[in-house]
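For the single chain, residues carry numbers from 1 onward in sequence order. None of the values given here were measured: they were computed from a predicted structure.
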Amino acid sequence: MEAVVAAKPVVKVVALCGSLRKGSFNRSLLRSAIQICSESVKGIQMEYIDIAPLPMLNTDLEVQGTYPPVVEAFRQKIREADSVLFASPEYNYSVTAPLKNAIDWASRPPNVWADKTAAIVSAGGSFGGGRSHYHLRQIGVYIDLHFINKPELFLNVFQPPSKFDSEGNLIDAATKEKLKEILLSLQTFTLRLQSKC
């Protein structure tokens, strides 16, 4: 008699970039995360969601409990996900305005962030965007988003060796490995929380 091995459930992850800049290093981190998932992390399905089309939050745009179509589509993507991977630079010691706007739209009733797991990565200067992590974690407390604690990735893109090539592809092996560790931690944490529901 053959032993039946249960397949690990697929964790659906949405990837959100706090930078709208085309050449964003944070967007490059998300591209690398998606590539790592397809090549070497079984059981994660990751989709990048562009937050640029979202209008600035304005409750006048809410009509009889509905939201503008682009906002409804964004909220539905978050609702369908198990987990979120944020990549964002640090602006004035905090999260970026586009990312905060996206978070606010998805937290409008009903809050579609609730009981999801999340991880944060960032790329930037000196501290590598690290202060944005702390504000994002504070926001997560209120919207019931559960972040992994470790590992953390604050990538100083200007410190040698080069982290990205001229086309924005992540080329630093140590950073790729750290990103993979974060994805595996997020997957494990998500499955652990889901098993307790």
Around atom [atom1] of [X], are there more than 12 heavy atoms of other residues, nucleotides or ligands at under 6.0 Å?
{"X": "Glu39", "atom1": "CD", "value": "yes"}
{"X": "Asn92", "atom1": "CG", "value": "no"}
{"X": "Gln45", "atom1": "CD", "value": "no"}

Hey, are [Y] and [X] close enough side-chain-wise for a donor-acceptor pair under 3.5 Å?
{"X": "Glu80", "Y": "Gln76", "answer": "yes"}
{"X": "Arg192", "Y": "Ser195", "answer": "no"}
{"X": "Ser94", "Y": "His135", "answer": "yes"}

Quiz prompt | Geometric class of the Phe158/Phe25 ring pair [parallel <30°, tilted 30-60°, perpendicular >60°] | solution = perpendicular

Quiz item: Do the rings of Trp113 and Phe74 sit parallel, tilted or perpendicular, given the 30° and 60° boundaries?
Solution: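 Rings of Trp113 and Phe74: perpendicular, over 60°.
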
With a 4.5 Å heavy-atom cut-off, do [X] and [Y] have their side chains touching?
{"X": "Leu179", "Y": "Leu170", "answer": "yes"}
{"X": "Ser122", "Y": "Phe86", "answer": "no"}
{"X": "Leu20", "Y": "Ile51", "answer": "yes"}

Quiz item: Hey, mind stepping through Arg108 and Arg75 against side-chain contact (heavy atoms from CB on, under 4.5 Å) and telling me if it holds?
Solution: CA-CA 9 Å; Arg108 298 292 298 155; Arg75 289 171 54 84; 4.0 Å; yes

Self-check item: Given Ile103, Val71, Asn101, the one that forms side-chain contact (heavy atoms from CB on, under 4.5 Å) with Leu57
Solution: Asn101

Practice problem: Determine, for Asp172 against Lys176, whether the closest basic-nitrogen to carboxylate-oxygen distance falls under 4.0 angstrom. | Solution: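 No, no charged N to carboxylate O under 4.0 Å.
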
